[in-house]
There are 2 protein chains.
Amino acid sequence: MNGGLRERKRAATQETIERAAISLALEHGFENVTVDMICEASMVSQRTFFNYFGSKEGVIIGGTPAMPSNDHIDAFTRATGSNLLADFLTMITSSLLEREPDAALFKDRRTLIMRTPELLIRETARMSESEDQFVAIIMTRYEIQGLSPANQPELEDEARMVIALTAGVLRYVRHRWASSQPGASTRDLLSNSIELIHRITNDHSQQPKGTAH
Amino acid sequence: MNGGLRERKRAATQETIERAAISLALEHGFENVTVDMICEASMVSQRTFFNYFGSKEGVIIGGTPAMPSNDHIDAFTRATGSNLLADFLTMITSSLLEREPDAALFKDRRTLIMRTPELLIRETARMSESEDQFVAIIMTRYEIQGLSPANQPELEDEARMVIALTAGVLRYVRHRWASSQPGASTRDLLSNSIELIHRITNDHSQQPKGTAH
DNA sequence: CTAAATAAATGCATAGACTGCATAAAACAG
DNA sequence: CTGTTTTATGCAGTCTATGCATTTATTTAG
């Protein structure tokens with residue numbers, strides 16, 4: 001059942017189409033590439049293309065919304081760290097990185113997404129598509145941390161705000177990813193972003209930063 | 001030149017189409033309404049529809065990105081308040097509210113947008129479409145506040161993060177708008193949201209909130 | 001190994017959003 | 001009233017996307 005011919009062929013076809021699409025889009029710009037062009041380059045029918053990815057955008061940003069693995073979720077809900085936003089952001093970025101094992105392809109995708117408004121919009125929207133699931137995950141963490149279920153509504157509000165903020169920050173992170181050097185550490189990038197947020201929300205307007213530390 | 005027949009007719013046509021579109025979409029759901037249906041209801045050709053709004057979504061969320069008025073921008077750049085994020089958010093929401101004088105129509109739009117994922121995505125994206133202009137506005141404020149232009153790059157980063165965060169928070173605010181009662185104060189909504197953000201970013205995990213304060 | 005069952009790939013027809021281009025109708029300026 | 005400038009429309013065509021029927025390939029049961 002596993003590793004059968006069918007499964008392997010399916011994976012191969014998917015990869016062929018994806019690579020063709022990314023390559024074409026990098027060369028001509030996403031909006032100047034038609035689905036037919038991608039199909040011809042990857043030798044499948046248009047119908048097959050849509051069977052795999054559902055939409056033209058899907059071939060770049062992924063046909064199905066990315067959900068963190070159970071391991072990541074566990075690590076998040078049980079984290080002892082006190083910074084909810086940082087931990088959540090870490091979970092999300094980890095699962096994004098892990099989704100694409102091929103580093104070069106990962107970066108090509110990022111580059112493409114950042115230079116194509118349409119794609120960036122979609123990718124950003126992905127987070128809120130799964131909003132309810134994320135809320136559930138955050139609520140689990142609250143629960144494990146022993147927060148009283150009494151004020152569940154307030155906690156849920158808080159969770160939604162965390163997700164909204166994360167979606168915003170992710171835009172920033174993606175931008176950095178796309179222009180990063182090979183050795184760049186995502187961990188550092190995240191902690192810098194969190195620090196930046198702190199500066200902003202605790203803004204005292206006087207000597208906000210810059211030369212500081 | 002002003003108040004001419006042409007201009008008035010144009011405004012009337014636009015309003016007719018918008019009302020027809022919103023009404024139809026509220027009744028049948030945005031995705032079940034075709035452009036042809038809107039055209040028939042408002043007695044214009046399809047071509048005219050696209051001349052006015054550019055896209056099916058445009059008729060709901062507005063054909064052109066909303067930019068705050070000069071008054072709002074001035075108020076923002078010269079604000080003495082120390083909370084950059086709060087001030088920026090205030091400027092944005094004010095200009096959104098002011099854009100639609102008809103309160104009932106404003107709420108219909110919000111309701112529609114919140115119940116239609118596709119529209120919500122677009123509306124959210126609107127903010128980043130004008131990102132560069134917003135960055136410029138924020139930089140002006142920094143300048144007026146006497147921040148050294150020496151660390152301009154860092155300040156620009158900070159500005160972009162503020163915009164990203166605002167985009168996130170706006171999602172939350174819109175949600176509240178759509179479900180709010182007539183008398184609800186936007187000012188209160190904003191200050192509650194800001195407070196929520198503070199709780200999150202200063203999170204101490206122990207007694208984070210709920211019964212507190 | 002063969003035949004039935006299952007899954008995948010394809011072709012075809014069609015809807016619906018959107019654009020370019022040419023033309024007709026309306027409003028305006030002098 | 002006449003020439004100019006804006007709007008409105010018609011029409012043909014492109015492109016994404018979906019439903020349905022058919023063919024082809026893989027798997028599994030006997």
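Letters go in sequence order (proteins before strands), and every chain restarts at 1. Since we're looking at a predicted model, the values are computed, not measured.
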>> Does A:Tyr52 reach a base, just sugar-phosphate, or nothing at all? Heavy atoms under 4.0 Å.
In response: sugar-phosphate

> For atom CZ of B:Arg99, is the number of surrounding heavy atoms from other residues, nucleotides or ligands below 6.0 Å larger than 12?
Replying inline: yes

> So does B:Ser45 get a side-chain nitrogen or oxygen closer than 4.0 Å to the phosphate oxygens (OP1/OP2) of D:dT9?
Replying inline: yes

> Which listed nucleotide (D:dT16, C:dT10, D:dT27) is nearest to the side chain of A:Leu5?
Replying inline: D:dT27

>> Closer than 4.0 angstrom, basic N to acidic O: yes or no for B:Arg176 and A:Asp157?
In response: yes

> When the distance from CE of A:Met43 to C1' of C:dA9 is rounded to whole Å, what number comes out?
Replying inline: 14 Å

>> In this structure, how many angstroms lie between the P atom of D:dT16 and the CZ atom of A:Phe53, rounded?
In response: 15 Å

>> Does a side-chain N or O of A:Lys9 approach OP1 or OP2 of D:dT26 to a distance below 4.0 Å, or not?
In response: yes

> Is atom CD of B:Glu129 surrounded by more than 12 heavy atoms (other residues, nucleotides or ligands) closer than 6.0 Å?
Replying inline: yes

> Separation of A:Gln46 atom CD from D:dC15 atom C1', in whole Å?
Replying inline: 9 Å

>> Looking at B:Asp132 and B:Arg160, is there a salt bridge between them, counting it only when a charged N and a carboxylate O are closer than 4.0 Å?
In response: yes

>> What I want to check is whether an N or O donor and acceptor connect the side chain of A:Arg6 with the base of D:dT26 at under 3.5 Å.
In response: yes

> What integer distance in Å separates B:Asn51:CG from D:dT5:P?
Replying inline: 19 Å

> In terms of side-chain heavy atoms of B:Arg47, which of C:dG20, C:dA17, D:dA8 is nearest?
Replying inline: C:dG20

> Between D:dT18 atom C1' and B:Glu31 atom CD, what is the distance in whole Å?
Replying inline: 15 Å

>> Without decimals, in angstroms, what is the distance between B:Phe50 CZ and D:dA8 P?
In response: 16 Å

>> Tell me the interatomic distance from A:Glu57, atom CD, to D:dC15, atom P, rounded to whole angstroms.
In response: 17 Å

>> What is the separation between atom CZ on A:Arg8 and atom P on D:dT27, rounded to the nearest whole Å?
In response: 8 Å

> Is any side-chain N or O of A:Thr34 closer than 4.0 Å to OP1 or OP2 of D:dC15?
Replying inline: no

> Does a side-chain N-to-carboxylate-O contact under 4.0 Å join A:Arg122 and B:Glu118?
Replying inline: yes

